[in-house]
Structure formats: structure tokens, C-alpha cells
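Note sheet for the following structure.
Since the structure is predicted, the reported quantities are computational estimates derived from the model, not experimental observations. We count ligands from 1, going down the list as the structure has it; atoms in each ligand are counted the same way. Below, each value reflects all heavy atoms present in this structure, side chains not excepted, and no hydrogens, waters or symmetry copies.
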Amino acid sequence: MINNINDYNKKIKLLKIFDKNYYDLNKPKISDAEYDLLKKEILDFEQKNKKLNLNFASNKVGFSPSKKFSKVLHTEKMLSLDNAFDLSDIENFYKKIKNYLSFHLDDNILLTAEPKIDGISASLFYSNGILARGLSRGDGEYGEDITENLMTINDIPKKIEIKNLPSSFEVRGEVYIGKKDFEKLKDNFANPRNAAGGSLRQKDSKNTAKIPLKFFAYSTIQKNQNICKTQIEFLDFLKKCKFNINPLSTVVENISQLEKNYKKIEALRSSLDYDIDGLVYKVNDFSLQQRLGNLSNSPRWAIAHKFSAEKAFSKIIDIEIQVGRTGALTPVAKVDPVTVGGVVVSNATLHNEDEIIRKDIRIGDVVCIQRAGDVIPQVLYVEKNKRTKDSKPYAFPKKCPCGNDTVKEFNSTTKKMDAVRRCPDIAYECPFMAKERLKHFVSKEALNIDGLGKKVIDNFWQLNLIKFPSDIFNLNYDHIKQLDGWGDLSCNNLKQAIELSKNITLEKFIYSIGIRHIGQENAKILASYFKNIKNFEKLFDSKKITEELSNLREIDGIGETQINALNNFFSNNKNTEVIKKLVHALKIKSFEKITSGIFANKLLMFTGGFSKMSRSEAKSIAESQGGKVLGSLSKKLNYLVVGNSKPTNSKIEKAKEIGIEIIDEEKWYKLLNR
Ligand code: IVH
């Protein structure tokens with residue numbers, strides 16, 4: 001029995017030791033039942049003493065993830081989805097895809113509308129119809145081999161007996177736990193999704209088998225799309241293969257059908273035996289999906305339409321400032337812990353200074369808090385009738401917690417001053433920004449170092465073990481071994497993960513630096529331009545940087561904002577020193593350019609609009625055929641591709657003058673066999 005905070009702390013220590021023995025050392029010290037009892041005791045104490053804001057067990061995602069699964073490269077990346085919260089987001093989605101495909105705004109594009117199952121995604125690989133391997137999503141690129149555990153799921157066919165099945169066939173879908181089944185597991189997990197994740201990642205598949213996991217199949221990889229012409233036909237095909245398909249999946253022809261269906265499913269939501277958190281819309285026609293293609297992390301051809309968020313009321317105890325990686329000062333309301341949609345919330349974002357003023361938010365106010373799926377909880381409005389005399393207006397600090405004066409920038413796109421206040425530090429001087437940069441550096445999309453998550457970075461930072469990214473490669477493991485929660489095995493695992501992360505592509509490296517305005521897409525463009533780290537290093541050279549940056553002007557997709565951001569970053573000596581050390585520690589792979597295709601090694605430029613495709617699609621086709629697209633005319637150019645709609649005549653004249661080959665719209669389609 002836990003009577004006070006001392007008992008509580010002792011039990012947490014015990015739980016940590018048992019966890020370590022179970023997960024890291026694979027030698028459980030107590031039985032499962034004893035472990036569950038201990039965890040329940042801790043959880044009960046946390047629930048009864050919400051004011052203390054203890055959340056060790058409440059935040060524990062079921063069981064700690066196991067480190068034993070081997071990582072396997074997915075045949076095709078497992079993407080996530082962009083989110084839409086209202087109909088205007090959906091309208092935007094329609095607009096974007098129609099623009100990309102160069103369709104008329106009145107043209108119909110059929111979408112499938114499928115419930116978005118709140119579970120854990122998995123990819124199943126069938127070799128000649130036999131289930132050969134099953135992977136978790138992992139970081140999207142590499143999944144964990146959880147074949148044995150997936151084999152225990154009855155809904156997953158071990159053999160597909162259907163004629164003409166491709167010899168290599170991949171099915172993707174969602175593993176979930178039914179709500180009724182979850183009732184029995186409730187004490188150990190925060191929600192069904194965590195329970196599904198925890199049981200899927202059990203070391204011993206016998207433990208997975210004890211938990212009634214289910215599976216809905218919903219997609220495949222592009223390579224297997226030739227089986228059918230559309231997504232809805234493919235769902236039917238999956239059914240024939242004996243997969244479970246969500247019975248509520250349907251096709252919608254326009255936004256009004258889409259809205260009607262959304263309302264219908266939202267009304268059904270609570271009566272379903274599985275959790276759904278929205279709908280997924282996918283362009284039904286596979287050939288259009290292929291034309292639309294993907295961004296770095298999500299497809300252009302699909303979007304998740306989230307259900308309206310869960311709301312709750314609580315009191316603001318304090319307002320704290322968080323400094324982000326790019327220096328943005330975000331005010332965060334510390335509120336009395338409150339459950340919003342099954343999750344205990346004690347922090348909610350207030351966005352920025354202007355929002356606090358606009359909503360007239362004061363410390364001591366009772367506010368409405370909203371949490372939508374995986375999005376950070378936010379404060380919506382103040383319950384003004386509950387305001388007391390003690391409520392205190394909040395004076396937004398003009399200084400960053402590091403002491404720097406903050407600035408508001410002029411946004412050249414909106415032509416207005418930014419609402420966000422920023423710390424102007426561009427080097428590693430502001431410790432708050434520097435720490436966030438480290439978190440970005442090790443994140444999934446960057447170096448992706450297993451075992452070096454945000455909490456570990458906070459801890460190592462405080463202990464002065466890591467201050468700069470390169471410190472990660474010179475860690476003092478003898479010291480770490482002595483730390484609470486660390487031992488030989490976990491240290492070795494970390495060492496290995498860090499060693500593995502050293503092999504990195506140029507584009508990931510550029511992204512991982514965390515330069516403002518250089519996200520994944522821009523990092524890719526820069527990597528394809530610089531090709532290898534030697535060329536990229538020219539940016540670190542004060543004699544070469546100006547020329548290099550002016551060369552970037554000709555690349556399609558890179559504008560003044562990015563060039564200024566690169567200039568700011570690399571003209572600072574401290575930054576270049578930090579990055580040079582990193583280059584030394586890492587093995588940066590050169591950009592793998594596509595060397596085959598009709599435009600291999602050719603430079604192209606576009607002018608004018610095309611009738612059958614957008615500029616973005618034309619650019620992406622040129623690149624997939626080995627070409628490089630420039631944003632301005634240069635002597636090096638091989639082709640100027642001229643669309644019929646409003647081309648710039650001066651460009652055509654100039655190109656003719658320097659002897660650049662002109663490709664007109666008709667010839668362009670012929671070259672592409674369209
Ligand atoms: S399609 C690239 N269909 O939602 C397309 N995903 O937030 C993504 N999900 O990682 C897969 N129900 O785990 C698709 N009917 C459905 C889905 C679904 C749930 C999950 C999936 C994905 C996540 C994205």
C-alpha cells in the first residue's frame with residue numbers, strides 16, 4: 001500500500017529495476033501478476049493524488065518497448081497522413097490535388113472514405129502466398145521484425161489462396177484491440193492503442209497470443225497496385241484474400257457526400273467496438289495516386305479527417321515560456337490536471353503573445369482545453385463568468401529566458417509582423433534553443449538514434465554530457481553506466497545505436513542540422529544540388545559561401561528565405577565549427593542521383609502552364625527521369641520546356657539565342673509517352 005510520496009518514490013524505483021530486468025536483461029525478477037499489482041498500486045496513487053501531478057505509471061506506454069527486434073528496411077516507406085480538422089481543410093486538399101493534376105476545379109475526383117482505426121500499423125509480406133514477414137512501422141523507413149507476434153493474430157491469414165497473387169505481395173493495415181477486450185486490460189494500459197502496441201512488442205509471442213489482437217487490412221505498396229485499378233476494388237480483393245476489411249469503407253464523389261458520410265460515422269463512433277479517431281480519404285484511382293506521389297512523410301493523395309476534438313475545463317495555475325528550436329517563444333499554460341478524452345492533461349499551449357491578448361487569458365482563469373488526437377492540447381477560450389478578482393493578467397516577457405532581447409519578424413508572405421516572438425540567437429548560445437536543436441538532431445526524421453529520446457537529451461544536457469551534437473559521438477559511457485536507470489546492457493545498446501546512426505545520407509544530414517526554413521523537402525533539394533559533403537562544405541568557407549549561395553538562386557524550389565537562412569547560419573563561426581566536427585564524426589553518403597531515365601544528367605527549365613499536368617508534377621516527373629530542374633535560365637541548361645499557357649517570351653528568345661533546345665508541350669507529352 002502506498003501511503004505517501006516516499007512510499008511512492010520507493011515503488012517507482014522498484015518498478016524501474018523490474019523493468020530493467022525484464023526488458024534489458026531478459027531475466028524477470030517477479031511474476032507478471034506481481035508486476036501488474038505493483039504497477040496498479042502506483043497508478044492508483046497517481047490517480048488519487050492528481051494535484052501532485054505524478055505521472056510515471058500514467059504515462060507509461062504499457063510495457064517499455066523491447067529492444068530485441070531487428071530492424072528491416074521497408075520495401076516502400078510507411079508514410080503517415082496529413083491532418084484535416086474541418087471542411088475548409090478538405091476543400092484545400094481537393095484544390096491542391098486538382099491543381100497538381102491540372103484538373104478543373106469542377107471536375108470530380110472520387111475518394112474512398114475509410115474509418116481511421118486508432119491502432120498500430122503493420123506491413124505483412126507474403127512470399128508465394130505464404131506469410132513470410134511482418135514489420136511494425138518503426139521510423140517509416142525501417143520497421144521492426146515482429147513476424148512471430150503478428151503470426152498469433154487470427155485475423156491475419158497465414159496463407160493466401162487466390163489465383164494470380166503476385167509472388168511478392170504486401171498488405172498494410174492496423175492492429176487493434178476491441179473495446180470490450182480492452183476492459184480486461186484496462187489497469188495496465190492508458191488506452192486500447194497503447195495496449196495493442198505493448199502486446200505487439202512483447203519479447204515472447206506467447207504473451208502476445210494471450211491478448212486478443214485484431215487486424216483491419218487497408219492498403220498495399222505501389223508495386224502491387226497493378227492487381228486492381230482502384231482502392232475500393234483493392235479492398236474487395238483483400239476481402240477475397242480473407243482479410244478483414246472495415247465494413248464502413250465507402251466511395252464519396254464530392255464534398256457534400258463526404259460531409260454526410262463523416263457525420264454518419266461520427267454518430268456511429270461510440271457504438272463501434274474499436275476506437276477510430278477520424279476518417280481517411282484516399283484518391284480512389286490508383287493511376288492518379290501514382291501521379292500525385294508522396295511528400296517526405298505523407299502522400300499527396302490521402303488525408304486524415306479528424307473527429308472534433310475532446311474538450312474539458314480547468315484552471316490556469318501558471319504560464320511558462322518554452323523556447324523552440326527556431327527560437328520561437330511559446331507560452332504554455334500549466335493547468336490543474338484534467339482528463340481530456342482519456343488522457344491526463346496538465347499543459348496546454350497558448351500559441352503566442354497575440355493569442356493571449358486576443359483571448360484575454362489570465363493566470364487563475366478557468367479555460368476550455370481541447371485535445372485532438374496526437375495534436376498538442378490547446379487553450380480555446382476563457383470562461384469569463386468564472387473569473388475571480390485574483391486572476392492575474394500575464395505580461396509576456398520581452399526577453400528570452402536565456403537573457404537575449406526577443407524580436408518579432410516581418411513576414412514577407414503575409415506582409416505583416418509575425419505573431420511569434422523569437423530569440424534571435426543563430427548559433428548555440430541560447431541554451432534553450434541549443435537543447436531543442438539536439439532533440440531535432442536525434443529525432444526520427446534526422447539521425448534517428450534509438451534510446452536517445454527527448455527525456456534522455458534533457459537528462460544528459462543537465463549533466464553536461466551533451467551540449468553540442470558532436471558530443472553524442474564522444475560520450476563517456478563509464479559515467480553513464482553509473483547513472484540511475486542505466487547499466488551495461490542499455491549503455492551497449494545506446495553505443496550501438498549511435499554507431500549505426502553515423503551512416504547517414506546527405507539529405508538527412510542537412511535536415512538534421514536544424515537550420516531554419518530547411519525542412520525535409522528543402523534538404524532533399526539541397527542534397528541533390530550539392531551531391532556530396534565536399535561540395536556542401538563550401539558553405540563553411542567564408543571565401544566561397546557568397547558564390548555558393550548565389551548559385552543556389554538558380555535551383556527551382558530554393559528562394560531568398562532559404563538562402564538568407566543558410567547565410568545566417570553558416571556565416572557564424574561557432575556554427576561552422578559545430579558542423580565541421582559533425583562532418584568529421586559521421587559517414588555522410590553522397591546523394592544518389594538517378595542515373596537512368598530520359599533526362600539523366602540533363603538540366604531542364606519550365607515556362608508556361610501545361611494543360612494535362614501542373615508544374616509540380618512536371619518537375620517531379622523530370623526528376624524521377626534523372627533530370628534536374630532549374631529556376632532560372634543559364635548557359636548550362638539543356639532543355640527549356642514551354643507550356644502552351646502564358647509562357648514568358650523573353651525566356652524563349654534568350655534560350656534560342658544561347659542555343660538551348662526548346663521542348664513544346666506536345667513534344668513533352670510524346671517524350672513521356674502520354
Ligand atoms: S492508409 C499513407 N488507411 O493512420 C497512407 N491508414 O496517421 C497511410 N490508419 O500510419 C495508410 N486507419 O497507421 C490508412 N484506413 C486507414 C487507416 C490508416 C488507420 C493509420 C495508419 C497510418 C496512420 C496515419
(message) Ser219 versus ligand 1: do any nitrogen or oxygen atoms come within less than 3.5 Å of each other?
(response) no
(request) For the residue pair Ile211 and Leu185, establish whether any side-chain heavy-atom pair is separated by less than 4.5 Å. (result) yes
(message) Within the 3.5 Å criterion, strictly below it, is a donor on His74 or Glu141 matched to an acceptor on the partner's side chain?
(response) no
(request) Report the distance from atom CD1 of Ile303 to atom NZ of Lys96, rounding to the nearest 0.5 Å. (result) 7.0 Å
(message) Judged on heavy-atom distance to atom 3 (N) of ligand 1, which of Lys282, Lys116, Arg172 sits nearest?
(response) Lys282
(message) Aromatic contact between Phe307 and Tyr262, with the criterion being ring centroids under 6.0 Å apart: yes or no?
(response) yes
(request) Identify the two heavy atoms, one from Ala196 and one from Val175, that lie closest to each other, and give their separation to 0.1 Å. (result) CB-O, 4.1 Å
(request) Step through it carefully: locate the ring centre of Tyr274, locate the ring centre of Phe216, and say whether they are under 6.0 Å apart. (result) yes
(request) Could you tell me whether ligand 1 has any atom less than 4.0 Å away from a heavy atom of Gly119? (result) no
(request) For Leu79, take its heavy atoms, then give the atoms of ligand 1 lying under 4.0 Å from any of them. (result) 2 (C), 10 (O)
(request) Examine the proximity of ligand 1 to Pro115 and report which part, side chain or backbone, both or neither, has a heavy atom under 4.0 Å away. (result) backbone
(request) For ligand 1, indicate whether the residue Leu81 contacts it via side chain, backbone, both or neither (heavy-atom separation under 4.0 Å). (result) both
(request) Could you pull out, from Ile117, Leu279, Asn294, the option with a heavy atom nearest to atom 19 (C) of ligand 1? (result) Ile117
(request) Answer yes or no: does an N/O atom from Glu174 fall short of 3.5 Å to an N/O atom of ligand 1? (result) yes
(message) Can you confirm whether Asp275 sits close enough to Tyr176 that some side-chain heavy atom of one is under 4.5 Å from a side-chain heavy atom of the other?
(response) no
(request) Could you tell me whether some N/O pair between Pro299 and ligand 1 is separated by less than 3.5 angstrom? (result) no
(request) Consider every N or O of Arg137 and every N or O of ligand 1, then say whether any pair is closer than 3.5 Å. (result) no
